[in-house]
Amino acid sequence: MKNRITTYLDSLGKKKLLVPYFTAGFPTMGMTLQYIKAAECAGCDFVEIGIPFSDPLADGPEIQYASKVALDNKTTLNQIFELTQKVRKHSEIPLLFMGYYNPFLAVGVKKFLQKTADSKVDGLIIPDLPIDESTEIRNLADKQNISMTYLVAPTTEKKRIQTINNLTTGFVYAVTVTGVTGSGKKFSPETDKYLKMLQKSLNHRFVAGFGVSSPADAKRLAKYSDGVVIGSKLIKIIREAKTQKSSVTDIEKFLTGVRKSLS
Amino acid sequence: MVKRPDKKGRFGPYGGRYVPETVIASLDELESFYKKAKRDKKFKTELNNFFRDFIGRPSPLYFAERLTEYLDGPKVYFKREDCNHTGAHKINNTVGQILLAKYMGKKRIIAETGAGQHGLATATVCARFGFECIVYMGEEDLHRQKPNVEKMELLGAKVVPVLSGSRTLKDATSEALRDWVTNIRDTFYIIGSVVGPHPYPMLVRDFQSVIGIETKRDFKKRYNRLPDKIIACVGGGSNAMGIFDAFINENNVKLIGVEAAGHGLHTKQHAAPLAKGKPGVLHGSFSYLVFDKDGQVILPHSISAGLDYPGIGPEHSYLHDIKRVKYESVTDKQALDAFKLVSKLEGIIPALESSHALAYLIKDKKKFKKNEHIVVCMSGRGDKDLGIILKNEK
Ligand SMILES: Cc1ncc(COP(=O)(O)O)c(C=O)c1O
């Protein structure tokens with residue numbers, strides 16, 4: 001079978017990618033399923049499903065909070081695998097797991113990837129697993145036809161960007177600013193310069209993320225990239241919603257607005 | 001034994017760099033500066049001068065006569081890191097790292113701290129060099145190690161309370177890493193133990209190795225032999241690596257690391273990753289760690305803030321697996337008993353962390369042979385712990 005991510009990217013044309021992130025189990029697993037549906041209705045291209053971790057050191061306050069709520073709710077990996085199988089009952093939207101490395105080790109990398117494939121998830125993003133440490137998981141992911149998205153950062157050196165480019169399957173994730181997710185740092189002319197440089201250096205599609213919080217941000221970043229990832233802002237919308245029910249419409253409305261700004 | 005770590009920063013399978021991409025370039029930069037500094041005469045001279053005049057090295061090697069009488073078996077010596085400026089071994093490492101920061105031109109310093117000893121040692125060197133200093137400290141530790149917080153502030157450091165997770169060392173470390181990712185270009189992260197991504201476990205060990213080098217030299221000079229056993233407590237493991245390193249190739253010297261068993265290894269309230277954990281990844285390296293079946297880190301417990309950590313440095317994991325070091329554990333209660341006993345017998349108030357090493361010696365004195373020579377690493381002094389002791393008396 002072909003990988004849903006690469007298949008999608010092959011026929012993308014000029015369309016910009018909109019990739020939302022939701023922490024699985026925040027505020028409940030049932031709600032996560034509804035957000036994924038809402039995202040698809042809003043015209044999102046892929047969905048990142050966050051695997052909550054006790055020590056999310058690359059995350060800012062919003063995703064830390066969401067992870068804590070999910071874990072306080074006793075969210076387990078098995079429930080997350082069940083969630084994605086539920087998504088697959090009605091949707092072929094490409095799904096990625098975004099999660100820290102220790103849960104992979106706890107289950108066993110091989111078994112984890114088998115389960116990922118079985119639950120029809122298409123790609124992995126592991127923020128604390130740089131290329132240098134990921135040979136084992138990359139080989140196993142290849143065998144299971146799961147794509148590996150690596151991150152590049154504004155501090156990544158030229159030569160290393162090439163290596164990351166060569167090892168990526170699917171798309172590259174460009175961290176826009178030095179910081180954690182939900183960073184309040186402003187995008188600057190430096191950001192544009194960095195994205196333009198990536199456009200020249202990468203022969204994969206790449207999305208920009210960390211701190212994207214409005215349709216205007218998305219539009220700006222997509223000018224020199226293939227799209228955006230939005231995470232912390234969505235958690236914030238969910239936290240600020242009047243009720244859980246209205247959080248679903250709030251999410252859909254926001255993402256629809258971002259989609260419009262990208263066309 | 002082969003050189004540790006290898007080129008990829010591995011001690012056997014342990015170590016490595018499990019960090020966000022953003023900090024990789026800085027780790028490379030740090031590693032190359034450190035390599036240069038190690039060969040640089042000027043750096044070495046400056047380091048040695050600070051060791052001598054600022055810290056007060058060499059630290060004494062002390063024969064604990066009354067404890068030896070009490071035990072009625074082995075001869076016990078203390079390597080007196082409690083005599084160092086700021087009261088613990090931590091200052092050896094912060095002096096080394098701040099010199100590196102200076103050579104690299106970075107003037108904003110961050111650190112994590114548990115017991116406050118590393119925070120205090122960092123605040124101290126920052127004051128000395130006129131660098132900005134931000135120390136992350138779990139809220140729980142802020143209370144239990146208050147005197148150190150007051151000292152850090154007096155020295156001009158900003159102490160930031162960490163409210164996430166267990167509000168202890170683990171979360172302070174995560175928060176320091178988040179700061180580092182955010183301010184990576186102008187900030188130097190002074191890590192306080194032999195943990196974190198490569199090259200930190202190597203670099204911290206090297207700066208602490210002066211403990212073992214002095215112990216070996218002074219013991220030989222004075223007693224014309226080497227000790228039979230060396231005992232040190234293990235939190236992240238820096239005082240232990242510091243005193244072990246010079247003896248790793250001396251196969252007749254038995255090395256013993258003591259983890260914190262908290263309320264006991266049969267409970268969930270402990271901080272003993274080698275006894276009860278499995279290899280995993282936290283804070284940048286692959287090493288033994290206490291976590292559940294889904295990989296979530298289990299909150300540790302120890303009465304001693306400096307040992308209250310769910311992980312351990314990667315080199316210890318390796319030395320454990322190849323059985324070069326034997327790792328044991330003692331409970332909160334045993335450590336408290338040792339704290340009081342040694343205070344009364346020797347007129348030295350040990351840190352609660354160091355009391356774990358002492359407790360291993362005291363709790364079961366029959367296991368030691370008559371006239372064995374044992375050096376205990378007195379990693380720090382216990383002034384900071386009086387609050388906890390008084391609370392426990394009640
Ligand atoms: C006096 C003392 N000993 C030991 C430790 C534990 O750290 P390590 O295992 O790195 O020596 C600490 C940590 O704060 C300490 O203050």
Side-chain angles (χ1 to χ4, degrees), chain A residues 51-61 64-65 67-68 70-71 74-80 99-108 112 126-135 150-157 160-161 164 172-175 177-185 210, chain B residues 7-10 13 15-29 112 162-166 170-171 173-187 196-198 277-287 289-299 310-311:
Chain A
I51 298 173
F53 181 49
S54 51
D55 298 84
L57 57 84
D59 286 303
Q64 283 180 49
Y65 174 82
S67 307
K68 181 164 189 312
L71 292 177
K74 306 245 177 312
T75 300
T76 63
L77 291 172
N78 278 337
Q79 289 167 1
I80 299 173
Y100 291 85
Y101 194 41
N102 202 51
F104 288 83
L105 289 171
V107 173
F112 199 111
I126 308 174
D128 61 346
L129 194 72
I131 45 168
D132 325 73
E133 309 293 357
S134 72
T135 312
Y150 290 105
L151 294 91
V152 292
T155 49
T156 308
E157 272 156 18
R160 194 172 160 89
I161 291 176
I164 291 173
V172 172
Y173 188 141
V175 177
V177 292
T178 55
V180 290
T181 55
S183 142
K185 284 188 181 174
F210 279 39
Chain B
K7 270 203 195 104
K8 290 195 75 186
R10 296 276 177 176
R17 285 179 175 177
Y18 296 83
V19 288
E21 176 63 28
T22 310
V23 308
I24 292 285
S26 287
L27 293 171
D28 283 339
E29 186 193 10
E112 84 296 336
V162 176
L163 302 174
S164 53
S166 56
K170 167 177 87 88
D171 309 284
T173 308
S174 296
E175 209 49 42
L177 279 163
R178 290 185 189 112
D179 179 313
W180 201 37
V181 173
T182 307
N183 302 293
I184 191 83
R185 294 187 209 268
D186 67 348
T187 297
H198 178 67
K278 293 165 294 214
V281 163
L282 180 70
H283 296 150
S285 64
F286 179 59
S287 194
L289 179 68
V290 187
F291 55 89
D292 70 13
K293 67 172 181 23
D294 273 6
Q296 310 299 345
V297 176
I298 294 173
L299 296 186

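A quick note: this is a predicted structure, and the numbers were derived from the prediction, not measured. Side-chain atoms are counted along with the backbone in the values below, which use heavy atoms only and exclude waters and symmetry mates. Residue numbers start from 1 in every chain, and the chains themselves are labelled A, B, ... in the order their sequence lines are given, proteins ahead of strands.
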Checklist outcome for this item: d(B:Gln296 CD, A:Lys74 NZ) to nearest 0.5 Å is 11.5 Å
Checklist outcome for this item: Partner of B:Thr22 under side chain to side chain contact (heavy atoms under 4.5 Å, CB included), picked from A:Thr155, A:Val177, A:Thr156, is A:Thr155
Item to check | Closest-packed option against chain A by number of heavy-atom pairs under 4.5 Å, given B:Ile184, B:Val181, B:Leu299, B:Asn183 | outcome: B:Val181
Checklist entry - Does CD in A:Glu157 sit with more than 12 non-hydrogen atoms of other residues, nucleotides or ligands closer than 6.0 Å? => result no
Checklist entry - Can you tell which of B:Arg17, B:Lys278, B:Lys8 has the highest number of heavy-atom pairs within less than 4.5 Å of chain A? => result B:Arg17
Checklist entry - With a 4.5 angstrom heavy-atom cut-off, which part of A:Phe53 approaches chain B: side chain, backbone, both or neither? => result both
Item to check | Atom of A:Ala106, atom of B:Phe291 and distance for their closest heavy-atom approach | outcome: CB-CE1, 3.7 Å
Checklist entry - Given a strict heavy-atom distance threshold of 4.5 Å, which part of A:Ile164 is in contact with chain B: side chain, backbone, both, or neither? => result side chain
Checklist entry - In terms of heavy-atom pairs under 4.5 Å, which option from A:Leu77, A:Val180, A:Ile126, A:Ile131 contacts chain B the most? => result A:Leu77
Checklist entry - Top residue by heavy-atom pair count (under 4.5 Å) with chain B, among A:Val107, A:Leu71, A:Val152, A:Asn78? => result A:Leu71
Checklist entry - Which region of A:Thr181, side chain (C-beta onward) or backbone (N, CA, C, O), has a non-hydrogen atom less than 4.5 Å from a non-hydrogen atom of chain B, or is it both or neither? => result neither
Next on the checklist: Under a 4.5 Å cutoff for heavy-atom pairs, which residue among A:Ser134, A:Ala58, A:Ala153 has the most contacts with chain B?
Outcome noted: A:Ala153
Checklist entry - Just wondering, do B:Thr182 and A:Lys185 contact through their side chains at under 4.5 Å, heavy atoms? => result yes
Next on the checklist: Taking every non-hydrogen pair under 4.5 Å, which of A:Gly60, A:Pro127, A:Ser183, A:Pro61 racks up the most with chain B?
Outcome noted: A:Pro127
Checklist entry - Should B:Ile24 and A:Arg160 count as side-chain neighbours, where that means a heavy-atom distance under 4.5 Å? => result yes
Checklist entry - In Å and rounded to the nearest 0.5 Å, what is the CD to OG distance from A:Gln64 to B:Ser174? => result 8.0 Å
Item to check | Identified side chain to side chain contact (heavy atoms under 4.5 Å, CB included) partner of B:Pro20 from the options A:Leu129, A:Leu57, A:Asp59 | outcome: A:Leu57
Checklist entry - Looking at side-chain heavy atoms only, is the closest gap between B:Val281 and A:Tyr100 below 4.5 Å? => result no
Item to check | SB check B:Lys170 A:Asp55 (cutoff 4.0 Å) | outcome: yes
Item to check | Minimum-distance pair of heavy atoms, taken over all atoms of A:Thr178 and B:Arg185 | outcome: CG2-NH2, 3.9 Å
Next on the checklist: Does any backbone or side-chain atom of B:Leu289 lie under 4.5 Å from a heavy atom of chain A? Answer side chain, backbone, both or neither.
Outcome noted: side chain
Next on the checklist: Could you tell me if the side chain of A:Tyr150 sits less than 4.5 Å from the side chain of B:Glu21, heavy atoms only?
Outcome noted: no
Checklist entry - Any side-chain heavy atom of B:Leu282 sitting closer than 4.5 Å to one from A:Asn102? => result no
Checklist entry - In Å and rounded to the nearest 0.5 Å, what is the CG to OG distance from B:Asp292 to A:Ser54? => result 7.5 Å
Item to check | Those residues that, when tested against A:Ser67, pass side chain to side chain contact (heavy atoms under 4.5 Å, CB included) (two or more places apart) | outcome: A:Thr23, A:Pro52, A:Pro56, A:Ile63
